[in-house]
Structure formats: structure tokens, C-alpha cells
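Remarks on the structure that follows.
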Amino acid sequence: MTSTAQRQVEPRYDAVGIDRKWQERWENDGIYHVDDADPRPKWFEMTMYPYPSGDLHIGHWYAMAPSDAHARFRRMQGYNVLHPIGFDAFGLPAENAAIARGIHPYEWTMSNVDNMRRQLRSLGAIYDWDREVVCCLPEYYHWNQWFFIKLYERGLAYRAQAPVVWCPSCQTVLANEQVLNGVCERCDTPITRRDFEQWFFRITDYADELLNFDTLEEWPEKILTMQRNWIGRSDGVEIGFDISDYSLEEREIRTFTTRIDTIFGVTFLVLAPEHPLVSKLTADSRRADVEAYVDQARAASEIDRLSTEREKTGVFIGAYARNRLNNERVPIYVADYVLTTYGTGAVMGVPAHDARDFAFACKYRLPIRTVIAPIEWDGSEPIDAYVGPGFMTNSGAYDGMTDTEGMKAIADEVERRGWGHRAVTYRLRDWLISRQRYWGTPIPMVYCDHCGVQPVPESELPVLLPEDAEFRPTGESPLAINESFVNTTCPKCGGPGRRETDTMDTFMDSSWYMLRYCTPQYADGPYEPDIASQWMPVQQYTGGAEHAVMHLLYSRFFIKSLRDLGMLDIDEPFLRLFNQGVILGSDHEKMSKSRGNVVNPDDVVGQVGADAVRCFLMFIGPWDQGGPWSDEGINGVVRWLNRVWNLTENDAGQLDNHPTDATAVRETQRILHQTIRKCYDELDKFKFNTTIASLMELVNHLSRIWNDQSVDSGTWRESVEKFLLMLAPIAPHVAEELWERTGHVYSIHQQAFPAWSDDLAAEEEITLVVQVNGRVRDRIAVSAGVDDALAKELALSSERVQAHVNGKALRNVVYVPGRLVNVVVG
RNA sequence: GCCGAAGUGGCGGAAUGGUAGACGCGCCGGUCUCAAAAACCGGUGGGAUAAUAUCCCGUGUCAGUUCGAGUCUGACCUUCGGCACCA
């Protein structure tokens, strides 16, 4: 908690009053109202919308204040800026509150939204509240349903029985991404599996396009890597192993491998426990063991099954398959290290060249045959799987080829003989969108005994969430026990029908909310196409890196689907992405109630005003690195804003009673223009900390010249005016107040950012650093235009340099123009 | 285990291969005050030294490239983030 004992510096102005005064005036005057018809170039900058948890955390401020400063900077650069805000208002916490405290999710959510609106206003951001989006309202989720039907009609939404991840504590199905190390991301309960009929979006159809980041302008490389890994494209070969001896319908076991060059090293095959051939191939003598193993594998909790530490287990099923390349008969095992959901659910075991197969072969004493010889291999027994490059051996006609050559040659032969084909698999799965919950968008589908699954007609949308619902922590959606919701008529035959009772994943909402911001009140569709295409795509998106994969990948997929539905003509939703870091407690630990290191922004803002908090958050360090809050540190910016206030209160006319020092005027001009240039550059790159540092340097300089009374009033007024303009994006209230007090016309936020002149910013004199053997020995003030010969001459004639040269032989003299001379002796 | 990022004063952090420590916090000294706080002025990496003269050491560790390395290269150590049987 923050205490006044630690924060001793108080604003010397009425910070809270000024915040309120200007927030009200800006709102009444509508100066942040965004006009679609404004002819200036557009700039669409968004920060990830918050979940309405009830209170605005300092972390929200850390995400939003700098992004507002950046958007304001763009505004002052002459752009028509759309920097909207909204609420990610569907989701589990509202429903948990309903279960725990008997408050309806709608009431809980909307009262939180009200409170957070008030808190967000205290930021003093340029949000246009007429564009607010709250996605739990029917005006919003109507279009989730509409999109769902469009995707369904195009075959991008489908229903399938699938083993899904289930959290026994949250009583809900989880997406793969919501599982961390086998436990529920939310409550840390070990997860289990269940089979459900679920709705999916066919994101895997877009896997390859999602791997193409070419049209993005500036995304962190880290995020691209995470998305690449998440999609996990593998190029390989699907190859069949012959089981025709068993007279089954299936003549072969299909396996997928990225190392077809190692096929002569196959000494066994492994099927996933869920593989349909397991029961068909199992020999009677092995059946009891195999069934016991499969049952145990099914029952094993996900936490065990996903652990890489766990010893590999499996059982022989008493059957063999034939490797067509060398006609060898290899035993077939069932083992749970093979996943049914990836590839073909069956793998060829090559222990010599795969770590997992190696471990398995060691345990079950299966032969290990080297087929890729390391470059300097002595023919000895391998002690571990060799996965590096080498020459093929024990591989018949392919012996002597490199692994790369062999890979191609064998794939060619496999395809020529029809034993298999080159194939691509992905780690990415289709997007499971169903949630067995109340507080989400109802999936607009109806089940009819005669007509099957039918979409609700567009004219009947939205399918409203019923207000009366009973919240019981069963496994089912509360919608399922709501008779008046469930019972409906079939849109096709008019007979009795039952509504789908699952609701949509909330990532559906965030997949297209940027489109809704363009025309938030539009009633004839999710967005007005002309206006949306004018704003889209979002040029700058900012938010936490925790959304690197799910939200950003889903949204990219969604926009591509809309494009393919002919509803948009862009490829990507967000052109530039910037991830801010995490704000920590003053103990350098993650903020948490249990640690007692949580900073409540309302308290701090109530003491020092919004601008001091904004400035301090930006001053802590680089925005993408996050950093610790500091109750002492904020003194620095409060003190600085006080000094700014003092400077503007000075009566400039007083300066004309003193003689003007031309050098001081010139220096002031130079520093002012250097500062403008620096701010321009650094605000653009989100380098708020160094922007503020250089503004502080300017203020320090202005304090000095005021004390000296060394410049004329014109120079002073110009410096103060331009300084205030640079302050405006980061400290909008104080800048506006001082703008008014210095006699300027309202509003500073409708002015242009100051321009600089390179000529005025140029240095006339520089400090020439003189080194001897790389060590600084002297500093000489010289004209900035000093030439090579003169610089070297001045350096060599320096007494201090001579003392170190000390008669030693001169080897070299290096001159770096405008910087230094290095005299090399020895 | 694999992938990625980062290690700089007491603290947060600055530094196009060219004066390491900008800016700020904290601390020390001074001015003002009966006193304190605030404010203002000055100082503040470590060491030797009477010295704000001068010199030496110093950006996780060890090598290397270079006239010159916090910055580039290689190996290692530590911390943080992501992925984790994906065949």
C-alpha cells in the first residue's frame, strides 16, 4: 500500500481539481469525438480491451496510459485518430460470481463496467465514449451469431464428437491453450478428458496462411516465433506398413514421419491407445494385457500423460507389420507416448535416431539399428539417439547418400510405388468454440428430429440469452435446464426443435471487436462496410504478450475468413503490434493481494493527479520491459511537474529588464530543437522513458536560464510554448491548464506537435575527446567543422597527450569526425 | 530438455563500435527556518591520494575481433518468458 510517509512530494497545484475540470470540459466540448468523414489521414490505434473485473488495476494504467500518449502524439502529427475502448464482458468470472454470491452475471458485469468507465475516464485518455463496445450486449453478440452462421454455411464451422479437455473444478471444457502442464490455467486443478459433441472453427484450413507474416508491418519477432511454433508445421511423409496378413479391411498401418531417411532403422511400430487398429490386431493371447493398458492410459490424468519426465510405457499387441522397403517384419506395440490427435496416431519406431523411440527400445529390449552414420562414426553401439546429419548405412541401395539426399530419394520411391506420399501435419488443432456455460453468446443452432442441425434464420437473430437462469455448478450449461429457452420450432419444418445450449468461447468476441469500433451503433450488420474499410486494418495494436497465440491467432484467422466470405478486403487485422511489459510491485515481485504489494491507481491519482501517474509509468523504463512501481520514484515526476508549473508562472516580461546573452539564447534554441527532434523520434518508437528524460533536461535548462535571466522574453515564451506542446501527449491535464494560464487558445490538444530545424539543433562547438591507446587523456573544445588534419594536430599538441606519448613511436592516429582522436603509440 | 530475451552504481535505468553511468530515486553537504518538512544550490561507481591535480580498476564470467567493445563473435554462468512425448 502506498503511504504519505513514503510520498513526501505533493503537487503544488490542485491536481485532482484540474483533472476533473478538463475531463469535463473535453467531454462537454466533444474534442475527442472521432469523425469518420474527417479528410485527414487515418490512424487506428487500439489497446486490448479490458475484462470488466470490477476495478482498474495499475496494470491497466500501465497498458493504457502510454498507448493513449502514443495515440495523442499521432493526433498532434495531424492524423484523424481512432483510439477506442470497450469491455471484454462475457466470460467465466461473471458466472462464478453468480454461483458464489447469487448475483446475476448481467448485473455483476454491468456494474463493474460502470465502475471501470469512471476509472478509465480518470486516465484522461482520448477515448470517444460514443464508440464503446460492450460485447455481452445483444447489439454486439447478435453479430457473433450472424458470423457463426456465415462460417457454418461456408463449412468453416462444424460439429464433431471430440475428446475434450475437462476441468472438474470449473466444470467446463477447456481449450488446449487453457491447459498449462496438465492443470487448468485458471484454478490449477488437474484436468481430465471427456467426449462431447462440440462446435469447431476450421482454423487449420488457414494454417499455412497464418504462417505467412509478410503483410504485417512490425510485430515482435518473439510473437511470430510463438505463433510459428504453435502452428507447428511439419513436412514429412505418410507411409503405410503392410498388415495384409491379418485379412482386415485395413491393409496397412499409416504412419507419419519427418525422417523417412531413417526408415531402414525401423525396429517396431507404435499405435496410440485410442487407435482403431489396436483392438483389431491384438492377438488373443495378448488381449487381456493390451486392454488393461489401454484402459489405464485412458484413465491416466492428463498431467501424467503429458509429462516428458515420465518413463515410456507400452505393451506388445502380439502382431507384426511389414516394412515394405526391406521386407522386415516388425512388432507392433501400443504406447501412450504416441498421441492419437497428431499425425496418423501411429509412428514408426526408429530407436537409433529418435530419443523417444530410443528410450522405449531400451526399456523393452528392442533392437537399435544405426542407419545414419555420424561423420566420424567408429561403428560402436550408440549410447543415445543420434539425430544429427550423416551418411546412410544399413539402408540397401541408399547406403552412402547423405541423410538429405536419402530423404528425397526414399520419398520419391515411396510415392512411385504407391506406399505413401509426402504430407504436411500441423500441431495446430481446430478452434474448439463450444462452452458449456451461460454467460456467453448462444450458438444459434436448432436440432430437429427430422431436419437435423439447422441454423437460426438471420431474421430471428439475435438468439437472446434468457434472463432467468439457474446457476448450479453442474457440468451442463444453465441453458440446458431452461425449458423455455431450449424448446423452439425447427426453422425448416416448423416442427418441435431444441436449441443448442452451448455458448461461444469469448475469443469469438475479441476476434472482430476492432470492426465494431468502426461503426458501433450500426444495426444492419456487424459493421458498415465502407466506413470499416476506411479505418481497417488497425495500424497499431498494443497489449500484453500473454495473448501472443490465442487471441491474435484467432483474430488473424477470423479476418481471413471474413475476407474469403467477401466481407472485407484485408488480410490482417493488426499491422503493427507492440507488447508492453508487466508492472511489478515495489518489491520487484508480481503484484498480488497475498503479497500486499498491490498499487491502487485510484488512491495515487487522488493524491498526485492522473498526469503524475501517467508520467511515472512511462518513466520507469522501456515500456516493453515493464518494471517495478516505486512510491519514492513517483516523487521525481511530481517534483518535475511542480517545476514545470513554476516555470510557466514566471513573468516573461521581467527578462527584458536584463541584458540578453547571445550564447545563452543560441544554446536555448539548440537544446529546444534537439529536444523536439528527440521526442518526435522516441515517441514514435514508444520510448517514453527517454522522451521524458529529455523533456526533464529541457526543463533543467530553462530553470538555469531563468535564474541567470540570460535570454529575452521571446526566446523564453517560445521555449515554454513548445515545451508544453511536447508535454501534452504525456500529461494532458497539466499541459492544458498551463496552456490556458500562459494565455493560449483552447485546446492544446487541437494543436500540432512542434517541428524542429536541423540547423537550429546543430552544434557549433564540440568536445574533441583525445585518447592515447584507447584511453581518454584529454578533452579539447573545437569547432564542429574541424577537419582531419587540424583535429590530429590539436590532439598531438596537447600536453596531457604528450605526457602519455612520452617519446614513444607514433604508430597511428585515428580521427572519428566530430568525436575523437585516438593516438596509437608503442 | 528445446526455443527466445536479458544481466550496467545503493535503486529504476541512459548510451549510431568512439567521453560508461543521461534522466530520475535515494543518500551526503549547504541556503532558508527557532526547528523540521518542502523548496532551492552543490556533490554522489570503486580504489590510491592532502587534493574537485593525477593515476588505476569497473557494464555476469572467460576468451576473441578491433586503433578503440556495455555494444560485435564464441563458450560458460545466472535470471525471466514461451513450448514441452507433435513422430
Side-chain angles (χ1 to χ4, degrees), chain A residues 8-10 12 180-182 220-223 225-226 228-230 232-234 236 255-259 262 270 305-310 312 335-339 341-350 353-357 359-360 425-429 545-546 548-549 581-582 586 588 615-616 619-622 624-637 639-640 642-643 646 687 689-697 699-700 703 707 767-779 800 803-804 811-826:
Chain A
Q8 293 162 336
V9 182
E10 300 296 330
R12 56 150 307 193
L180 301 170
N181 292 324
E221 197 52 49
K222 177 187 157 183
I223 303 292
T225 304
M226 284 168 75
R228 255 181 228 115
N229 293 342
W230 192 261
R233 179 184 161 120
S234 287
T255 65
F256 174 77
T257 179
T258 54
R259 291 297 303 273
T262 63
V270 191
R305 197 153 166 196
L306 285 176
S307 168
T308 40
E309 307 302 313
R310 201 172 66 115
K312 308 252 174 302
D336 65 7
Y337 78 89
V338 174
L339 307 178
T341 47
Y342 184 81
T344 59
V347 305
M348 56 185 222
V350 185
H353 305 290
D354 180 279
R356 296 152 301 180
D357 298 343
F360 191 78
T425 50
Y426 301 89
R427 206 189 81 110
L428 180 73
R429 313 290 159 77
E546 67 273 18
V549 177
V582 177
S586 46
H588 293 55
C615 288
F616 180 61
F619 187 62
I620 288 174
D624 54 350
Q625 280 171 36
W629 174 265
S630 163
D631 290 316
E632 295 88 49
I634 199 167
N635 283 335
V637 289
R639 205 171 274 149
W640 178 58
N642 282 344
R643 274 153 59 86
N646 289 346
K687 291 164 80 176
N689 58 327
T690 50
T691 299
I692 293 175
S694 56
L695 289 175
M696 285 175 169
E697 287 186 81
V699 168
N700 290 345
S703 300
N707 288 344
T767 302
L768 186 69
V769 172
V770 186
Q771 299 180 329
V772 177
N773 288 348
R775 312 175 88 104
V776 178
R777 298 301 180 187
D778 202 2
R779 296 175 174 88
R800 288 176 186 162
H804 284 92
R811 291 249 175 104
N812 194 9
V813 182
V814 180
Y815 174 53
V816 182
R819 289 199 168 268
L820 65 65
V821 173
N822 188 11
V823 178
V824 186
V825 296

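Numbers restart at 1 for each chain; the letters A, B, ... are given by sequence-line order, proteins then strands.
With both ends at atom C1', the span from B:U71 to B:A14 equals 13 Å, rounded to whole Å. Between B:G46 and B:A20, the distance separating the two C1' atoms is 14 Å to the nearest Å.
Applying the 4.0 Å criterion to OP1 and OP2 of B:G82, one finds that A:T225 has every side-chain N and O outside that range. Side-chain nitrogen and oxygen atoms of A:N700 include at least one within less than 4.0 Å of the OP1 or OP2 phosphate oxygen of B:G24.
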So which protein nitrogen or oxygen atoms get under 3.5 Å of nucleotides 55-58 of chain B's nitrogens or oxygens?
| from | atom 1 | to | atom 2 | distance (Å) |
| --- | --- | --- | --- | --- |
| B:C55 | OP1 | A:H804 | NE2 | 3.1 |
| B:C56 | OP1 | A:R777 | NH2 | 3.2 |
| B:C56 | OP2 | A:R777 | NH1 | 3.2 |
| B:C57 | OP2 | A:R775 | NH2 | 2.0 |

Kindly give the atom pairs (protein nitrogen or oxygen, nucleotide nitrogen or oxygen) under 3.5 Å for nucleotides 40-46 of chain B.
none

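The separation between A:R427 atom CZ and B:A87 atom P is 10 Å, rounded to whole Å. Distance CD (A:E697) to P (B:C23): 5 Å, rounded to an integer number of Å.
Counting only heavy atoms from C-beta on, A:K222 has its side chain closest to B:G81 among B:U19, B:G81, B:A87.
Residue whose closest nucleotide on RNA chain B sits further toward the 5' end, between A:G633 and A:G232: A:G633.
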One character per nucleotide, please: for nucleotides 10-16 of chain B, 5' to 3', B when the base has a protein heavy atom closer than 4.0 Å, S when only the sugar-phosphate does, - otherwise. --BSSSB
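B:U54 and B:A48 make up a base pair, with Watson-Crick or G-U wobble contacts both under 3.5 Å.
Nucleic acid contact for A:S630: none, since no nucleic acid atom lies under 4.0 Å from a heavy atom of the residue.
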